[in-house]
Amino acid sequence: MILAANFKTNHTRKSTAAYLEALELFLDASPAGCDIRVYPPLSALLRADLYSHTKIGAQNFYPAIEGAYTGEVGAAQLNEFDIKNVLIGHSERRALLKETQEFIAQKFAFAATQGWEIIYCIGEPKDVRDSGFEAVAEYLWGEFDGIDISYDKLAVAYEPIWAIGTGVSAEVQDIAKVLDMLKDKLKDTPLLYGGSVNADNLSSIISLKSCDGALIGGAALDVANFCKLIQIAQK
Ligand code: PGA
């Protein structure tokens with residue numbers, strides 16, 4: 001089971017340090033028995049090797065070791081923090097930062113050469129969802145163009161775009177249908193759900209047979225809330 005907190009553009013270095021300290025104390029007292037990951041903003045990265053229960057990951061990177069990529073962060077910069085896991089393909093980067101499938105595939109291939117763990121995000125917009133399951137399936141498989149699904153450090157997060165940050169999660173039976181379809185092809189790759197996960201819906205989502213965890217935004221911003229979600233997963 002993977003529970004991952006995506007901070008997006010929230011928290012500072014100071015508040016991230018306090019968050020991780022509280023999270024580690026909580027996990028010291030009650031080990032999660034699952035894979036806990038936190039993705040702070042790049043400016044708030046802390047040395048991943050200082051934390052024993054939590055993996056710290058990068059929300060973004062440029063697919064190069066270093067070089068002339070103004071404003072970007074490459075492997076040399078992430079290595080300094082011992083970061084070994086990354087998010088790729090989040091819908092906010094696809095939509096707001098105009099990352100194309102081709103560029104996303106480049107990032108994926110680069111991350112794989114670095115041996116990083118990857119949470120690869122996919123998800124359909126509302127109009128596709130409204131067109132029915134076949135349309136959703138076709139859209140989602142399109143987001144695997146150029147992606148090596150046999151990469152062994154891969155987890156896939158299914159995050160319907162219309163469910164992200166809206167407070168409206170997808171219906172559990174719809175999540176089940178998509179995750180079962182993905183599991184059929186992706187076999188042993190862990191599958192996460194993301195999109196308005198909270199303390200009320202987490203349990204029914206992670207109980208699904210093809211669900212191996214959750215990628216959580218808003219409900220994980222407060223460390224006490226994230227600990228509560230971990231407690232729910234522990235049950
Ligand atoms: P949310 O975000 O939990 O706030 O909907 C999830 C995500 O974007 O990963």
Side-chain angles (χ1 to χ4, degrees), residues 1-11 15-16 19 23 34-42 44-45 54-61 83 85-99 104 107-108 111 116-126 128-129 136 139-140 143-144 147 154-172 174-175 178-179 182 189-208 211-233:
M1 175 81 53
I2 299 171
L3 286 188
N6 177 9
F7 284 5
K8 309 190 180 186
T9 314
N10 298 292
H11 278 295
S15 68
T16 299
Y19 184 108
L23 182 58
C34 59
D35 182 343
I36 304 294
R37 305 184 190 185
V38 171
Y39 298 84
L42 291 175
L45 283 180
T54 312
K55 290 180 184 168
I56 301 179
Q59 297 173 26
N60 184 41
F61 60 94
I83 299 300
N85 77 82
V86 293
L87 297 182
I88 299 178
H90 194 284
S91 61
E92 284 154 14
R93 297 205 60 84
R94 291 180 192 262
L96 302 172
L97 282 303
K98 309 281 180 264
E99 288 194 4
I104 288 167
K107 290 176 76 174
F108 191 100
W116 292 338
E117 290 183 304
I118 298 171
I119 293 183
Y120 183 66
C121 306
I122 57 169
E124 83 285 356
K126 184 77 172 74
V128 173
R129 163 58 59 180
V136 172
Y139 189 93
L140 296 179
E143 294 191 319
F144 284 101
I147 301 300
L154 168 64
V156 169
Y158 168 54
E159 302 201 297
I161 297 170
W162 47 273
I164 294 179
T166 58
V168 183
S169 158
E171 297 293 335
V172 174
D174 291 333
I175 300 171
V178 170
L179 293 185
L182 294 171
T189 300
L191 300 180
L192 317 185
Y193 168 79
S196 296
V197 169
N198 57 43
D200 296 327
N201 60 24
L202 178 67
S203 173
S204 56
I205 293 169
I206 57 177
S207 306
L208 294 171
C211 187
D212 306 294
L215 178 55
I216 306 153
L221 283 182
D222 180 278
V223 68
N225 283 345
F226 191 42
C227 292
K228 196 167 156 197
L229 296 175
I230 294 168
Q231 267 171 336
I232 291 170

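Owing to the predicted nature of the structure, the values given are computational and were not obtained by experimental measurement. Both ligands and their constituent atoms are indexed starting at 1 by order of listing. Just so you know, residue 1 is the first one in the sequence shown, and it goes up from there.
- A heavy-atom distance below 4.5 Å is found between the side chains of I230 and L23.
- In this view, A111 and F61, V86, I88, W116, I118 satisfy the side-chain contact (heavy atoms from CB on, under 4.5 Å) rule, not counting sequence neighbours.
- When heavy-atom distances to ligand 1 are checked against 4.0 Å, the residues falling inside are N6, K8, H90, E159, A163, I164, G165, G195, S196, L215, I216, G217, G218, ordered by chain and number.
- In this structure, the side-chain contact (heavy atoms from CB on, under 4.5 Å) partners of A199, at least two apart in sequence or on a different chain, are K228, L229, I232.
- For the pair A219 and V197, the tightest heavy-atom approach, listed with the atom from each and the gap, is CB-O, 3.2 Å.
- Here the side chain of E159 pairs no donor or acceptor atom with the backbone of G123 at under 3.5 angstrom.
- Residues satisfying the side-chain contact (heavy atoms from CB on, under 4.5 Å) test with L182, not counting sequence neighbours, are I122, W141, F144, Y158, V178, L179, L186, L191.
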